[in-house]
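As structure tokens, the structure follows; a few thoughts come after it.
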Amino acid sequence: KLSLIDTELLKLSLMLTELLRLSLILTELDKLSLMLTELLKLSLMLTELLKLSLIDTELLKLSLIDTELLKLSLILTELLKLSLIDTELLKLSLMLTELLRLSLILTELDKLSLMLTELLKLSLIDTELLKLSLMLTELLKLSLMLTELLKLSLIDTELLRLSLILTELLKLSLILTELLKLSLILTELLRLSLIDTELLKLSLILTELLRLSLMLTELLRLSLIDTELLKLSLMLNELI
């Protein structure tokens with residue numbers, strides 16, 4: 001009986017030993033579980049740190065983008081200033097164009113005044129020639145009358161001489177009449193020449209105005225581009 005009891009006790013002792021070993025293993029497993037829990041916590045912390053690092057990276061990118069936007073805003077501000085300067089230059093150009101146009105008009109008026117003065121002088125000369133022509137016409141009538149008298153009565157030699165003189169005067173009258181016709185023709189030709197000259201001047205003025213119009217069109221196009229850049233600058237400022 002004692003041997004059986006001892007045997008049972010030995011078995012119990014072995015079982016206890018095994019239980020103790022299992023208890024130690026469980027204790028180690030608990031320690032490992034705690035360590036794994038800590039590692040899991042560290043892993044979660046690293047994940048959060050990684051997220052924060054990504055957020056910092058995005059913030060850095062946004063900061064760089066803001067820096068570039070600020071640079072663009074400064075550039076657009078400068079372009080806006082240039083646009084305003086271009087606008088003022090355009091206004092000055094329009095004012096100068098108007099002054100130039102007025103100067104050209106005044107120059108043309110001066111030329112027309114000189115031409116009218118010359119035409120007035122020619123008109124006075126033509127008037128004098130017309131008076132002489134009328135006088136010579138009257139003399140011609142007298143000459144014809146004297147010629148008739150001479151034909152009717154060949155008595156007075158002095159009348160004959162007068163008739164000859166009047167005949168010469170008649171020839172001179174005819175010559176002066178022809179000169180008057182030539183003067184009128186020359187006056188008409190001069191008027192046509194002046195009209196052609198004025199047309200040529202007007203053509204040159206219109207050519208110059210066309211060139212100035214093209215320049216103004218180009219300035220207007222640049223002004224529109226500057227206006228679009230100004231709109232972009234305002235939009236970027238809104239975004240910033």
Side-chain angles (χ1 to χ4, degrees), residues 55-131 133 179-240:
I55 291 170
D56 288 336
T57 304
E58 292 298 322
L59 289 173
L60 180 60
K61 288 180 181 179
L62 289 173
S63 175
L64 292 173
I65 291 171
D66 288 337
T67 304
E68 293 298 322
L69 287 173
L70 181 60
K71 289 180 181 178
L72 285 174
S73 176
L74 292 173
I75 292 170
L76 288 173
T77 304
E78 292 297 322
L79 289 174
L80 177 60
K81 291 179 181 178
L82 291 174
S83 174
L84 293 174
I85 293 170
D86 288 337
T87 304
E88 293 299 321
L89 288 174
L90 181 59
K91 290 179 181 178
L92 289 174
S93 174
L94 292 173
M95 292 172 63
L96 289 174
T97 303
E98 289 297 320
L99 290 174
L100 179 61
R101 187 174 65 82
L102 291 174
S103 175
L104 290 172
I105 290 171
L106 290 174
T107 304
E108 292 300 319
L109 287 174
D110 289 336
K111 290 179 182 178
L112 287 173
S113 177
L114 293 173
M115 288 167 60
L116 288 173
T117 304
E118 293 297 323
L119 288 174
L120 182 60
K121 290 180 181 178
L122 290 173
S123 175
L124 292 173
I125 293 170
D126 290 337
T127 304
E128 294 298 321
L129 288 173
L130 183 60
K131 289 179 181 179
S133 176
L179 287 174
L180 179 60
K181 290 179 181 178
L182 288 173
S183 174
L184 292 174
I185 293 170
L186 287 173
T187 303
E188 187 66 20
L189 289 174
L190 178 61
R191 188 175 66 81
L192 292 174
S193 174
L194 290 173
I195 291 171
D196 289 337
T197 305
E198 289 303 311
L199 287 174
L200 179 59
K201 289 178 181 178
L202 287 174
S203 176
L204 293 173
I205 290 170
L206 286 174
T207 303
E208 188 66 21
L209 287 174
L210 179 60
R211 187 176 66 81
L212 290 174
S213 175
L214 292 173
M215 291 173 66
L216 288 175
T217 304
E218 187 65 22
L219 287 173
L220 181 61
R221 188 177 67 82
L222 292 174
S223 176
L224 291 173
I225 292 171
D226 291 335
T227 304
E228 291 298 322
L229 290 173
L230 175 60
K231 290 180 180 177
L232 287 174
S233 174
L234 293 174
M235 290 172 66
L236 287 172
N237 287 328
E238 291 289 332
L239 290 172
I240 292 172

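Reckoned from all heavy atoms, side chains included, excluding hydrogens, waters and symmetry mates. The chain is numbered in sequence order, starting from 1.
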From Leu74 atom CG to Leu69 atom CG, the distance as rounded to the nearest 0.5 Å: 11.0 Å
Please round to the nearest 0.5 Å and tell me the distance separating atom CG of Leu70 and atom CD1 of Ile75. 10.0 Å
Are the side chain of Thr67 and the backbone of Ser63 linked by a donor-acceptor contact shorter than 3.5 Å? yes
Point-to-point distance, once rounded to the nearest 0.5 Å, from CD of Glu78 to CG of Leu76: 10.0 Å
